[in-house]
Structure formats: C-alpha cells, structure tokens
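Here's the structure, in structure tokens; my notes come after.
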There are 2 protein chains.
Amino acid sequence: MPKNCNFIGKLREVGLRPTKQRVKMCEVLFNREKTFHFTINDLVKMISEQMNQKISLATVYNTVHVFEKKGYVKEISIDSHKSYFDTNTSAHHHFFDEDTHQLIDIDKKDIDKINIKKNIPGKKINSIEVLVRVASDNQNQKKFN
Amino acid sequence: MPKNCNFIGKLREVGLRPTKQRVKMCEVLFNREKTFHFTINDLVKMISEQMNQKISLATVYNTVHVFEKKGYVKEISIDSHKSYFDTNTSAHHHFFDEDTHQLIDIDKKDIDKINIKKNIPGKKINSIEVLVRVASDNQNQKKFN
DNA sequence: TCAATAGTTTAGAATTATTATAATGTATAT
DNA sequence: ATATACATTATAATAATTCTAAACTATTGA
C-alpha cells in the first residue's frame, strides 16, 4: 500500500467502515516507506502512544485478522509462541534474528528460485518460503547444511 | 534413532532416568521406520491408548522439551497456534498439507541447495529451511512465485 | 436532517496452550 | 534395603487469543 494514501477509501473498498480506530491502524501499519513486521503487542503499544484515546486489545486482534483476511497483512510462522505479521503480503523469504527476534525481508534477487523436484499427488503448491535463522557471529554458533 | 534400540541405555546416555513414562514415550516416538511429526496432543493420545496407566499432560510437555533440549526431537514452526515436533532433528525442508494439517519431509535430493546472496553484518546463519504449503488441487488454489 | 439499523468497540469472561507448584511416588547408589 | 535425588501427578497459574453482550457509531434512507 503506497505512502499517504486515502485510508478511508481503502477501507471502504474492502467493505470496512472507516472508524477512527481502523484509520489509525492503517496509518501505523501502512504509512511507512518499508515493509513492516509486527506482533499484536507491538501494534497496541504503537497505537496507544499515538492516540489520545485508549484502544482495546480485542479491537486490535479483530482488526488485524480482518486485515489479514482482506489481504492487507500476512501472518509469518516463525515461533509457535508468538504471531508475527508482515505488511508485505507477497510470498517472500525472511531472515529471523534469533538474538533480537527481528524479522528482515530477503530480497527476491538475493535468493535463487527454489525448484521442488517432487510433488504430492493431488496436491498443488500454494507457497514456497524460506526462513533463514541468524544469530550473532561470536556466540551461539550452530552448524547448518 | 534406529528401530528397536535400547531406550533405557539411550536415556541413561543423556542423563535421564529411564522411567516407564519416558521409555513408553521413546517407543511411541522412535520405534518406527520413518520420521514422525507430532503435536503434544497427538502424543498424549497415543501414549494413553498404549498404556494401561494414564500419563499426565505435564509429563508429556516436560519430557518432550527435555528431549528437544537433548536433541532427540526438534520443533517445527508452521502454525503459530500449535507446536509441531519432528523426530528428524537435522535441518531439512517440509511440505505442509493445509487440508489435513500434516507435515511431510522433503528429501534433501528433491530440492536444490539454497544460496543466500546477501548476509546480515555480524550475523551467522544458523539454519536455512524451506516450507512448501500444499493443498488439494481442485480447490483453494492460490498463485505462488 | 435525523432516526433506524447494521456494523463496531469495549471490558471483561471464556478458552486454549503451556508452564509452575507442591505433594507424592520411584529409580538408583550405597 | 534405604536414603536421596529426581520424576510424575493433579491442579493452579499464566499467557495468548477469542468470545460475549452491552454500549456506541457510521451509514442509509425517509
């Protein structure tokens, strides 16, 4: 979603009423240069800081999930104990920094096309995603292959 | 872990007392031909069925996590709402069937080596894993790239 | 414009997955 | 055999998420 766009219009387009909570969420999520990775808690914190009024946790959960269903954000599976979301909804790859728990997009050009030489009978591939776990170079080193 | 091995000895090797609960868990997890993917609930159900005695949920949680720390099993991040474990602890790739919620290993030879052309300064790669989501061919089709 | 209504937000309760606790039970070393 | 350290258990606690029902608000159309 481009910067500074008309969030009220965008919300109407997908059949959502442009309430002030939703418009504020759009600003926090989409009014930025780069892809944004967040957890529900991150979002509640940021919205609370930017609004004179408190926002309910349930509203943030509900609205994020509506946005997910409508394709505005996408959930990333990294850690089964926390839900991470991404404002980049295309299938793409990530670094996950195990020290800081930060997600970083991997540019499509920085990874070769993945070719799966086998398929599951009767099943179609929906997505192929790579997760590269990284950590500080001078500690916590594990082998990989 | 090979089939029909001495679980009591294996447990002792990593400093775990071979209680009947742990031996039973070993049998369920490792006494099989192929890699096994499971959730804690799967395991409780299977163990309960195979033992005359009930096993506590907490024991299964605790023991699975001890096994994980000791490198007998490995957690797989697929779905942020459920923890999947795998008896294949090497870094490898998976199909995830979105219809049945089943995990299937991808053989190393069925996927080309992944080459990441960029790195994060000061960070070392710990693992590279690919997740291929599949679903029934005649429904639920999404584009991928 | 302004009420009717359909949809939204909210606080708090409910649910689910997981972890901690404290009492009881058991494997092991001596 | 017995003491002791470690395990198991039922249950309580916690954390993340979802549900609920009442209050609130944006939209529609008279």
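In what follows, every chain begins at residue 1, and chains take the letters A, B, ... in the order their sequences are listed.
- Remark: the backbone N or O of A/Pro18 is not paired with any side-chain donor or acceptor of A/Arg12 at under 3.5 angstrom.
- Looking at A/Lys70 and A/Glu13, their side chains never come closer than 4.5 Å, going by heavy atoms from C-beta outward.
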Report each atom pair, protein N/O against N/O of nucleotides 3-5 of chain C, whose distance is under 3.5 angstrom.
none

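- When rounded to the nearest whole Å, the span between CG of A/Leu16 and C1' of C/dT8 equals 11 Å.
- Tested against A/His101 for a ring pair (Phe, Tyr, Trp, His ring centres under 6.0 Å), the candidates A/Tyr84, A/Phe95, A/Phe96 yield a single pass: A/Phe96.
- Within the 4.0 angstrom heavy-atom criterion, base atoms lie near B/Thr59.
- The main-chain N or O of B/Ser136 is found under 3.5 Å from a side-chain atom of B/Asp99 such that the two form a donor-acceptor pair.
- Among the heavy atoms of the strands lying under 4.0 Å from B/Lys54 are primed sugar atoms or P, OP1, OP2 only; no base atom is included.
- Between A/Phe36 and A/Phe38, the two ring planes are parallel [angle under 30°; tilted spans 30° to 60°].
- Between A/Asp112 and B/Lys113, no side-chain nitrogen of the basic residue sits less than 4.0 Å from a carboxylate oxygen of the acidic one, so the salt-bridge criterion is not met.
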I'd like a list of close polar pairs between nucleotides 15-19 of chain C and the protein, N/O only, cut-off under 3.5 Å.
unit_1	atom_1	unit_2	atom_2	d
C/dT18	OP1	B/Ser83	OG	3.0
C/dT18	OP2	B/Tyr61	OH	2.4
C/dT18	O5'	B/Tyr61	OH	3.3
C/dT19	OP2	B/His65	ND1	3.3

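- Using a 4.5 Å heavy-atom cutoff, the side chains of B/Arg133 and A/Ser77 are in contact.
- Side-chain atoms of A/Asn6 come within 3.5 Å of backbone atoms of A/Ile8 as a donor-acceptor pair (strictly under, hydrogens ignored).
- The distance from the CD1 atom of B/Ile55 to the CG atom of B/Leu43 is 7.5 Å, given to the nearest 0.5 Å.
- Taking the 5' to 3' direction, DNA chain D first and last meets chain A under 4.0 angstrom from a heavy atom at D/dA16 to D/dT27.
- Applying the 4.0 Å criterion to OP1 and OP2 of C/dT10, one finds that A/Gln21 has a side-chain N or O inside that range.
- The aromatic rings of B/Phe30 and B/Tyr72 lie perpendicular to each other, with more than 60° between the two planes, well past the 30° mark.
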